[in-house]
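Data first, discussion second: the structure below is written as structure tokens.
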Amino acid sequence: MARIIAYCVVGFILLPNIIIIIASFSELRFITFPPSGFTIDWYVEALHRQEFLASFRTSLLLSATVTAIGTVIALMTALSLRVLTGPVRNWAVGVVMSPLMLPGIVIGIALLQFFSLLRVPTSGWTLVLGHLVITIPYAVRLITDSLSALPRNLEAAASSLGANPLRTVLAVVIPCIKPGVIAGALFVFIVSFENITISIFLAAPQTMTLPVRIFGYTEQGVETWLVAICSMTILFTLLLMGIIERFIGVRRIIYATK
Amino acid sequence: MSMATTAAPRLAFLREITLDRIITAILFVSLAAFFFVVLVIPFGLLLSTAFRQMDLMTYQFQDGYSFHQFLRFFSDAYYLRILFDTVVLALETTFVTLVLAYPLALYMSRAGVRERQILRLLSVSPILISIVVMNFGWVIVMAPQGLVNNTLMGLGLIDEPLPLLYSHVVVVLGLVHVHLPFMILAIDNGLGSIQPEVLKAAESLGASRWKTLRNVIWPLSINGVVSGSIVVFALTASSFVTPMLLGGAWTKTLATVAYQQILFTLDSPFGAAICLILLSVTATFSIGLTRLAIRLQPHRAAPAAPAPRP
Amino acid sequence: MASDANAVVSFKDAFKPRTSPPPEPTTRTAHLEVINVTMDYGSFRAVDNVSFALSRGERLALLGPSGCGKTTLINVIAGFNKHAVGHVRINGTDVSRRPAYRRDIGVVFQNYALFPHLTVEDNVYFGLKMRRVSKAKAKPAIDRAIELVRLEPFRGRYPHQLSGGQQQRAAIARAIAIEPEILLLDEPLSNLDAKLREQMRTDLLEILDELSITTILVTHDQAEALALADRVAVLNAGHVEQIARPIDAYENPKTQFVAGFLGESNAFDGTVQHRPDGTAAIQIGPQELTFAPRVEMPSGTKARVFIRAERLRVSRSRLATDNLMEARLKHAIYLGGEHRFVLESPIGVLMAVSSSESDLSNTYKTGEKVMVGCSAASLIVLPDDEG
């Protein structure tokens, strides 16, 4: 009984995604479910939609940039936070982690007003900065987790062997926390790739990310090629999860989302 | 090094300035500057903007600070209604989420390692997929030619498609779906901290499964429930994508109003004020619930502050 | 007193003669000096004004119960604790202001702290790499260190592929490969199971004898301290109670703490009395025990007597000894190599240990009346602290 209820809830969680994948093969232009016939034409049409290809490129480029910069900043932040103690540390952790406590809409609006006050027009870079703000805390958390799992005295050992603090970090600490850093990077990528609440405020018309573009289209009647695009993003996420599972285990994703 | 050690005593401090210390100092300063610029300043700005006024003809800020935007909000029944609707929507969603998440989390906590891992992975998967895409799935389910309507018509229960899309129910459904993982994880976390021996002890003392659940598991998992509820409430109250997509133009929440004020009306002081009202609503809920939990569970400390997703 | 020597079976190692005992250090010849070191954690004083000096090649054991400050003290010496007061000198040079990585002190940590991402060989090479020695040039030193700890077959393995004992040896190899001035061992054997610990203790003794490096060893296990060290510093609540050769600390403790901490003793409070015949006795309740005073104590001094468990003789017949009491046997526990007796005597409950052949062949019965005795010389009587 308990099992049936549990799997019903899991089914509820998976339902929309499964529906999307199935519906994307329908032969009809307007959505019907169950679908009639089977065709991959909508995928072909979706791949011919220039604005979506452009948005996919934007999203990919954005997420890659955010991952590269964000992971480095998160790594440095996690290492720095470890050095701090007492109230200074609490304050620093509070500031760095605050984007996890603040609703996306608040961060989005705050950054938009900040940029408009500085007379910075929305562009790829405002997006990058916005995404950095919301993704860094996740990576910091994952890396801090790895750091706190380091064996006791490891750095003291390096120090006693003649490694100065910088070399200790480079030769011992970073190699030991590599899985956490990779997990952090992948998580940054996924969170950035799927984000809409921040992107919607900070994207310029020419830097519309894929979720923002899809959001714009769903407001005007839904056609099956859009379903195909959604289906592709689901498959893309599955692929990324597969990669994570393969290399570092999904346990870390579960941890990061807590 | 030998140079430094033989240096005159008054230059001894120079010995302390090593390359790694310089690098460390630069690192600290630049990180502090980064977070100050991207977090502290924008949020401070949001706070101060809420107390200003904007001339909607010229889009220029007027001089001076006042409570004008807040007075405007609280003196207008239209906005008060939206505030009320937002709280109701968030409460409904939180409740349904809890009802769905608890049995799954409970089952997960007792499942074998492998099954548990798979269930966890499946239940967090919505976090990794864009809200837009997931909402879109519900559109297909609820559309006039969608799963529900076609099934009901196929069964001959209805003759015409029901107007399911853009209804209150589907908004709640969409929000529940998007936020379910956070509740599951929080409760799973709470249940995970219960030692299995405690349950065995309850059993050995003659408690039935239901009594064990009622008298042992539920009280011990309250903390997880509380932090999950706080997260889900905060996320729901501040969500605007799902209400707009599934609720259509006439579903208004604080967040959708703020979104429109900022992006379309361009009244940023009013938008900022609504953001602050939104934050106070979620803060009030979280403090209230935490207090309640402490009162109900005097043996437990307050649950750690939860971490909602942006 | 042959039976007495037999009785101290667990400390046999400690009294193993060394070929050339190193001289007591003087300030001029000292290799390592610790001078007035004090370390506070908030209001808690972890190390309280500790001073000692070691000559080159000498091995000191810091011995004390957990929380006595011994690990903090070696952290200060190694340079991990920046907020300590006092001085540490190596070869006469004050290193107190130097960071750990410029002190040239090898440390073997309690949890070994091997680098999990490096093989045994690279772990051993790490210190030389930090000194910018190329791997080719470092090879002889690496080989020697690995050979010394007999890890040649495992040099390509990662720490998680090694057993506890092998990890411990790898940690030693890593610390000695840099040929440090000082070697610090923090509870080196505490993470090993009992059987392996015995084996490792002997191995460690061999390695240390081979190296003849100035060493400080932290331990709460007195057998380890007595076996491995030239001198023992007994620490209590952050200060040094006594520094002495193992045999001196054991046979001639200077404080009640040391007397109680080392070995297994029965302790009783009493009053010192000088007899007209010149002998001294301590009055414990109704019983008087004759003892040989080691320190000046006038009659009437409140003192505590320590009677080593292995110095008590138990017999069914009368014994020719200075102090003899009648006692009732509460428990007789046979432990293979030895007998343990719990006795009810006029001065209180006594614990006695015997491994003599005659006792082992006897089977004692609970409740039996026996004679228990000890020599005057074996009693350690130390006055209570003033106030």
Side-chain angles (χ1 to χ4, degrees), chain A residues 2-3 5-6 9-10 12-17 19-20 23 31-34 73 76-77 80 95-96 98-107 109-114 117 129 132-134 164-166 190 194 196-198 211 214-215 218 222 227 230 233-234 237 241 250 253-254 257-258, chain B residues 20 23-24 27-28 31 34-35 38-43 45-46 49 100 103-104 107 119-124 126-134 136-141 143 145-147 150 177 180-181 185 189 234 238 240-241 245 255 258-259 262 268 271-272 275 278-279 307-308 310:
Chain A
R3 181 181 220 132
I5 296 173
V9 177
V10 171
F12 171 73
I13 290 171
L14 298 180
L15 181 71
N17 303 321
I19 296 280
I20 285 173
I31 298 176
T32 50
F33 201 95
I73 296 178
M76 295 193 301
T77 307
S80 306
V95 170
V96 170
S98 65
L100 295 181
M101 315 285 171
L102 294 171
I105 188 169
V106 174
I107 298 171
I109 290 176
L111 284 172
L112 182 65
Q113 292 187 350
F114 175 59
L117 188 84
L129 213 59
L132 283 177
V133 170
I134 55 153
N164 66 36
L166 191 64
I190 291 175
E194 59 108 33
I196 177 161
T197 49
I198 300 287
I214 297 172
F215 181 69
T218 48
V222 188
V227 183
C230 289
T233 68
I234 293 169
T237 308
M241 281 170 79
V250 170
I253 302 180
I254 296 165
T257 50
K258 269 181 194 162
Chain B
D20 61 270
I23 292 174
T24 314
L27 188 75
F28 263 92
L31 283 176
F34 174 80
F35 286 108
V38 301
L39 280 172
V40 181
I41 292 182
F43 194 71
L45 199 66
L46 185 79
T49 309
L100 289 180
L104 176 57
Y107 178 73
L119 286 176
R120 273 189 178 164
L121 180 59
L122 292 178
S123 42
V124 298
I127 296 181
L128 307 173
I129 294 170
S130 195
I131 306 172
V132 187
V133 173
M134 287 189 296
F136 196 63
W138 288 112
V139 172
I140 302 174
V141 174
Q145 294 294 311
L147 175 65
N150 276 346
H177 180 252
L180 199 50
L185 286 173
N189 212 14
S238 59
F240 60 98
V241 174
L245 264 175
Y259 169 80
I262 293 291
S268 45
C275 281
L278 182 59
L279 284 179

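This is a predicted model, so every value here is computed, not measured. Chain A is the first sequence line, chain B the second, and so forth, proteins listed ahead of strands; every chain is numbered from 1.
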Mind telling me whether B:Tyr259 and A:Phe215 have parallel, tilted or perpendicular rings, with 30° and 60° as the class edges? perpendicular
Given the options A:Leu132, A:Val95, A:Leu112, which has more heavy-atom pairs under 4.5 Å with chain B than any of the others? A:Val95
Per-residue tally against chain B (heavy atom, under 4.5 Å) across A:Leu166, A:Thr77, A:Leu111, A:Asn17 peaks at A:Thr77
So, the part of B:Leu122 with a heavy atom under 4.5 Å from chain A: the answer is both
Of the listed B:Thr24, B:Leu45, B:Leu180, B:Leu147, the one with the largest count of heavy-atom pairs under 4.5 Å with chain A is B:Leu147
Interface residue of largest heavy-atom contact number with chain A, from B:Leu39, B:Thr49, B:Val38, under 4.5 Å: B:Leu39
Between A:Leu14, A:Val10, A:Val96, A:Ile5, which has the largest tally of heavy atom pairs under 4.5 Å with chain B? A:Val96
Counting heavy-atom pairs under 4.5 angstrom with chain B, the leader among A:Ile73, A:Leu129, A:Leu15 is A:Ile73
Sort B:Val40 into side chain, backbone, both or neither according to what part of it lies under 4.5 angstrom from a heavy atom of chain A. side chain
Sort B:Leu31 into side chain, backbone, both or neither according to what part of it lies under 4.5 angstrom from a heavy atom of chain A. side chain
Side chain from CB out, backbone as N, CA, C, O: work out which of these in B:Leu100 comes under 4.5 Å of a heavy atom of chain A, or both, or neither. both
What part of B:Ser123 gets within 4.5 angstrom of chain A, counting heavy atoms only: side chain, backbone, both, or neither? both
Between B:Ala258 and chain A, which part of the residue has a heavy atom less than 4.5 Å away: side chain, backbone, both or neither? both
